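Structure first, commentary second.
Quick caveat: nothing in here was measured; it's all calculated off a predicted structure.
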Amino acid sequence: MHALSHGTTSAPSAIAVPPSLSLPLIERAFPRQLHPYWPTLQKRTRAWLLEKRLMSADKVAEYADGLCYTDLMAGYYIGAADEVLQAIADYSAWFFVWDDRHDRDIVHGRPAAWRRLKDQLHTALDSPEDHLSHSDPLVAGFSDSVRRLCSFLPGSWNLRFAGHFHEVIEAYDREFHNRTNGVVPGVEEYLQLRRLTFAHWIWTDLLEPSAGCELPAEVRENPAFHRAALLSQEFAAWYNDLCSLPKEIAGNEVHNLGISLITHEGLSLEEAIAEMRRRIEKCISEFIAAESEALRFADSLDDGTVGGKELSGAVQSCLGNMRNWFSSVYWFHHESGRYMVDSWDDRSTPPYVNNEAAGEK
């Protein structure tokens with residue numbers, strides 16, 4: 001059993017977080033939430049993975065629930081309509097499967113296969129309805145999830161979302177090149193690229209259908225709101241790097257903040273971990289400050305009109321879910337089998353990856 005099996009408003013005390021990964025401020029000041037739709041969400045995303053042939057039946061049966069992909073989304077997009085959360089969770093599960101295919105294409109030296117998939121995803125992103133029956137399950141599943149996500153808000157939001165994901169695809173291509181050629185990006189270059197490979201602005205975009213409205217540009221671009229959004233995503237990306245560092249060192253990865261610090265700043269492994277923790281802890285404290293300012297901005301949007309009150313409420317919803325992202329990401333990394341590298345037979349090969357489905361022997 002996962003997803004707040006020990007309660008919905010406090011840290012699951014049965015989970016022992018290693019000292020090097022423990023963040024007492026998160027455990028103390030960021031109470032964990034869970035969307036009430038979660039049990040159904042888990043069941044339906046599991047069925048969707050099977051229907052779209054994104055994971056084989058045996059992998060779904062053995063690993064899907066333990067990977068906790070739906071737990072992560074159900075802890076983030078609180079208040080979303082059930083159908084919105086379902087579309088987001090299916091898309092998120094697809095994203096993890098895509099990330100694994102990208103990794104396997106690198107590990108097994110399949111640049112032509114990667115380029116073909118990259119081009120197909122670009123095409124499907126612009127016309128998902130035309131690719132729902134694509135022969136590659138990754139393209140068909142992506143088309144289905146994008147079509148559903150783009151059904152909730154106006155075309156302007158759809159165009160923004162698509163533009164952001166085109167950038168993510170290209171960032172994954174740059175990562176493919178770096179890993180294939182053994183190029184470890186410098187720290188600042190890595191941080192810029194990580195904002196795209198982690199899809200910062202995709203997860204931020206999805207706060208809007210969860211809140212039930214598209215936010216106007218002057219709200220999204222408000223400095224406090226924008227900074228709170230960025231910090232919530234930076235925390236998630238950097239904490240992911242901290243938790244996945246052993247797995248990625250074992251897999252000869254080059255894309256990790258710790259690896260960039262070791263390679264380009266001359267830090268030891270222990271020093272790199274300490275520096276990553278420093279950055280992560282600073283990110284949390286800076287979010288708290290930005291959150292307070294952004295909440296004052298949200299209050300100012302309520303000008304006494306119906307529209308002003310609704311917009312203020314939507315912004316408050318988005319800010320509340322940015323806060324939820326911290327606890328959801330934190331506990332996900334200690335519950336998901338995706339990061340339990342010490343339990344794998346081969347530390348460089350995730351057991352939930354279905355190599356046969358990717359055409360390997």
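- A donor and an acceptor atom, one from each side chain of Asp144 and Trp48, are located under 3.5 Å apart.
- Distance alone, capped at 3.5 Å, is enough to place a donor-acceptor pair between the Ser145 side chain and the Phe142 backbone.
- Ser151 contributes a side-chain N or O that, together with a main-chain N or O of Arg148, makes up a donor-acceptor pair within less than 3.5 Å.
- Both tests do not hold together for Arg220 against Phe225: distance to the six-membered ring centre under 6.0 Å, angle to the ring axis within 45°.
- The nearest pair of heavy atoms linking Ser260 to Pro185 is OG-O, 2.7 Å.
- Using a 4.5 Å heavy-atom cutoff, the side chains of Glu293 and Arg227 are not in contact.
- Between the side chains of Gln42 and Tyr69, not a single donor N or O lies within less than 3.5 Å of an accepting N or O.
- Of the possible polar contacts, one joining the Asp241 side chain to the Leu257 backbone as a donor-acceptor pair under 3.5 Å is found.
- Between Tyr330 and Phe30, the gap from one ring centroid to the other reaches at least 6.0 Å.
- The main-chain N or O of Ala171 is never found under 3.5 Å from a side-chain atom of Thr197 such that the two would form a donor-acceptor pair.
- The shortest non-hydrogen separation linking Asp205 to Arg160 is OD1-NH1, 3.0 Å.
- There is a side-chain donor-acceptor pair under 3.5 Å between Asp173 and Trp114.
- Classified by interplanar angle (parallel below 30°, tilted 30° to 60°, perpendicular above 60°), the ring pair Phe165/Tyr91 is perpendicular.
- Closest heavy-atom contact between Pro39 and Pro36: CD-O, 3.5 Å.
- For the pair Lys282/Glu234, no side-chain contact is recorded, criterion being any heavy-atom separation below 4.5 Å from C-beta on.
- When only modelled atom types and interatomic distance are considered, Asn240 and Arg194 share a side-chain donor-acceptor pair under 3.5 Å.
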| request: Mind running side-chain hydrogen bond (donor to acceptor under 3.5 Å, both in side chains) on Asn324 and Gln33 for me, showing each step along the way? | output: CA-CA 7 Å; Asn324 287 334; Gln33 307 291 326; 4.9 Å; no
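- For Tyr239 and Phe332, the ring centers are positioned 6.0 Å apart or more.
- Using a 4.5 Å cut-off on side-chain heavy atoms (C-beta onward), Gln233 and Met322 make no contact.
- Looking at Leu215 and Cys318, their side chains come closer than 4.5 Å, going by heavy atoms from C-beta outward.
- Here the CG atom belonging to Asp90 is positioned 7.0 Å from the CG atom belonging to Leu49, to the nearest 0.5 angstrom.
- Although no hydrogens or angles enter the test, the distance criterion places no donor-acceptor pair under 3.5 Å between the side chain of Ser312 and the main chain of Lys309.
- Under 3.5 Å, the side chains of His177 and Asn181 contain a donor-acceptor pair of N or O atoms.
- Side chain to side chain, Asn256 and Tyr190 fail the donor-acceptor criterion of an N or O pair below 3.5 Å.
- In this structure, Asp302 contributes its side chain and Gly308 its backbone to no donor-acceptor pair below 3.5 Å.
- Under the 3.5 Å distance criterion, the side-chain polar atoms of Ser327 are left unmatched by any main-chain donor or acceptor of Arg323.
- Listed for the Trp157 side chain is no donor-acceptor partner under 3.5 Å among the backbone atoms of Leu206.
- Residues Leu301 and Phe297 have side chains in contact (heavy-atom distance under 4.5 Å, counting atoms from C-beta outward).
- Counting non-hydrogen atoms of other residues, nucleotides and ligands closer than 6.0 Å to CZ of Arg279 gives a total above 12.
- By the 4.0 Å N-to-carboxylate-O rule, Arg174 lies too far from Glu170 to be salt-bridged with it.
- Closest heavy-atom contact between Thr45 and Ala93: CG2-CB, 3.9 Å.
- We find the CZ-CG distance between Phe326 and Leu231 to be 6.5 Å, quoted to the nearest 0.5 Å.
- Shortest non-hydrogen contact noted between Trp38 and Leu34 is CB-CD1, 3.9 Å.
- Atom CG in Leu153 sits 7.5 Å away from atom CG in Asn158 (nearest 0.5 Å).
- The pair Arg338-Asp100 meets the salt-bridge criterion, with a side-chain N (NZ, NE, NH1 or NH2) lying under 4.0 Å from an Asp/Glu carboxylate O.
- Side-chain atoms of His131 and Gln120 include no donor-acceptor pair closer than 3.5 Å.
- Within the model, atoms CD1 of Ile202 and OG of Ser92 stand 12.0 Å from one another, a figure rounded to the nearest 0.5 Å.
- You'll find the side chain of Ser317 reaches within 4.5 Å of the side chain of Asn321, heavy atoms only.
- Rounding to the nearest 0.5 Å gives a distance of 6.0 Å between CG of Leu117 and CG of Leu138.
- Between Trp203 and His164, a ring centre-to-centre spacing not shorter than 6.0 Å is recorded.
- His255 is listed as a side-chain neighbour of Leu193, based on a closest heavy-atom distance under 4.5 Å.
- For the 3.5 Å distance criterion, the side chains of Asp82 and Gln86 fail to qualify, holding no donor opposite an acceptor.
- When atom types are taken as modelled, the side chain of Thr204 and the backbone of His200 share a donor-acceptor pair closer than 3.5 angstrom.
- When atom types are taken as modelled, the side chain of Arg32 and the backbone of Glu27 share no donor-acceptor pair closer than 3.5 angstrom.
- Residues Ile88 and Ser210 form a side-chain contact, since some pair of their non-hydrogen atoms from C-beta on lies under 4.5 Å apart.
- With values rounded to the nearest 0.5 angstrom, Cys68 atom SG is found 12.0 Å from Met73 atom CE.
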| Taking it one step at a time, do Ser156 and Glu214 satisfy side-chain hydrogen bond (donor to acceptor under 3.5 Å, both in side chains)? | CA-CA 9 Å; Ser156 51; Glu214 181 181 19; 2.8 Å; yes
| task | Check step by step if ring-ring contact (aromatic ring centres under 6.0 Å, His included) holds for Trp98 and Tyr172. | result | CA-CA 10 Å; Trp98 177 51; Tyr172 263 69; 4.0 Å; yes
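- Taking 4.0 Å as the cut-off between side-chain N and carboxylate O, Arg179 and Asp103 count as a salt-bridged pair.
- Hydrophobic clustering (ILVMFWY, side-chain heavy atoms < 4.5 Å, transitive): Leu159 and Leu125 are in distinct clusters.
- When Glu270, Glu271, His264 are each tested for a side chain to side chain contact (heavy atoms under 4.5 Å, CB included) with Leu267, only one passes: Glu271.
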